[in-house]
Amino acid sequence: ESMADLDDGSDRDVHQPWVFRGVLRAGQRFGILAPPGVGKSTILTQAAWCANNGVHLLTGRPDATVTRSLVVELEGSRWDVVARARLVKRAVAAVCRVDEMSLTAPAFLHRQGGLDLGSSEGLSALRRAVLRSGAQLVCIGPSKYFGSPDPRENADTHAGRIQDAINGLMDETGCAVMIETHSNRSDPLTPAGSERWKNWPDLGWALSLVGDDDRQGDRDATLEMLVI
């Protein structure tokens with residue numbers, strides 16, 4: 001294949017289609033880095049519900065793109081996950097001024113305790129879920145539940161192996177991935193574990209609560225967002 005084969009001389013947009021206009025395109029990796037309890041999983045759930053119903057994640061306004069989405073929840077009980085989904089569904093319906101029943105739910109895979117993406121079994125389970133749902137947006141995490149390093153690996157080597165596996169799935173399906181990673185409580189820009197979880201996404205946000213650490217988990221506390 002040559003560059004001439006890629007460029008047909010037309011003025012058409014050669015970029016991947018938008019998932020959220022101005023924020024995320026198909027085939028891109030988006031990272032959310034924050035300490036536990038700040039709301040990473042809620043943001044990912046909201047992203048999936050918004051994309052699945054053609055709503056922009058940031059503006060709450062109708063977006064031309066409806067993107068099939070998959071939520072892969074690796075932390076918390078099934079009841080926690082259901083409660084979060086109900087909360088997000090109500091919020092999206094309220095912002096869009098539509099009945100909740102008119103919204104289309106994203107696909108869902110729950111593996112409390114983790115999904116070892118470094119193993120053929122774990123990666124195959126994720127691949128099946130993506131292909132069956134036809135998802136073009138996969139919201140997954142936290143990254144610390146993607147399996148444990150084997151005795152010969154350090155944190156960076158293990159993270160790289162997991163990222164290569166996800167990259168392969170993205171190349172196969174063309175999907176975008178939004179991934180949550182825990183950061184150190186003292187520094188929202190430093191991932192817990194490997195620094196590669198900060199550098200791997202194409203773009204993303206780092207979140208931290210503004211104020212005292214005692215407000216951790218307080219949903220009324222102020223969030224500070226940093227673009228990474």
Peer 1: Between R111, R84, K40, which is the residue that forms a salt bridge (Lys or Arg N to Asp or Glu O under 4.0 Å) with E73?
Peer 2: R84
Peer 1: Of all the heavy-atom pairs spanning S69 and A48, show the shortest one and how long it is.
Peer 2: OG-O, 3.4 Å
Peer 1: Report the distance from atom CG of L126 to atom CG of L115, rounding to the nearest 0.5 Å.
Peer 2: 6.0 Å
Peer 1: Let me see the working for E100 and R90 under side chain to side chain contact (heavy atoms under 4.5 Å, CB included), right down to the final yes or no.
Peer 2: CA-CA 6 Å; E100 290 180 33; R90 293 191 193 105; 3.1 Å; yes
Peer 1: Is there side-chain contact between W200 and I166, with at least one heavy-atom pair below 4.5 Å?
Peer 2: yes
Peer 1: Hey, what do you get for OG1 (T67) to CZ (F20), rounding to the nearest 0.5 Å?
Peer 2: 7.0 Å
Peer 1: Does D80 use its side chain to pair, donor to acceptor, with the backbone of S77 at less than 3.5 Å?
Peer 2: yes
Peer 1: Starting from V81, walk the hydrophobic network (Ile, Leu, Val, Met, Phe, Trp, Tyr; side-chain heavy atoms closer than 4.5 Å) and list everyone else you reach, by chain and number.
Peer 2: V71, F108
Peer 1: Could you tell me whether the side chain of L109 reaches within less than 4.5 Å of the side chain of R132, counting heavy atoms only?
Peer 2: no
Peer 1: Identify the heavy atoms of E180 and S41 that sit nearest to each other, and give their distance.
Peer 2: OE2-OG, 2.8 Å
Peer 1: Treating H182 as the side-chain partner and G193 as the backbone partner, does any N or O pair qualify as donor plus acceptor under 3.5 Å?
Peer 2: no
Peer 1: Quick check: are there more than 12 heavy atoms from other residues, nucleotides or ligands sitting under 6.0 Å from CZ of R68?
Peer 2: no
Peer 1: Mind checking the CG-CG spacing from D164 to L169? Nearest 0.5 Å is all I need.
Peer 2: 13.0 Å
Peer 1: Quick one: are E121 and D116 in side-chain contact, heavy atoms under 4.5 Å?
Peer 2: no
Peer 1: Could you tell me which non-hydrogen atom of L57 sits nearest to which non-hydrogen atom of I43, and how far apart they are?
Peer 2: CD1-O, 4.5 Å
Peer 1: For the residue pair Q28 and V19, establish whether any side-chain heavy-atom pair is separated by less than 4.5 Å.
Peer 2: no
Peer 1: Throw together a table of side-chain donor-acceptor distances under 3.5 angstrom for residues 136-152, partners on residues two or more places apart or in other chains.
Peer 2:
from: Q136; atom 1: NE2; to: T173; atom 2: O; distance (Å): 3.1
from: S143; atom 1: OG; to: T181; atom 2: OG1; distance (Å): 3.0
from: D150; atom 1: OD1; to: R152; atom 2: N; distance (Å): 2.8
from: D150; atom 1: OD1; to: E153; atom 2: N; distance (Å): 3.2

Peer 1: Please give me the minimum heavy-atom distance between N53 and S102, naming the atom from each residue.
Peer 2: OD1-O, 4.4 Å
Peer 1: State whether the number of non-hydrogen atoms from other residues, nucleotides or ligands found under 6.0 Å of R127 atom CZ is greater than 12.
Peer 2: no
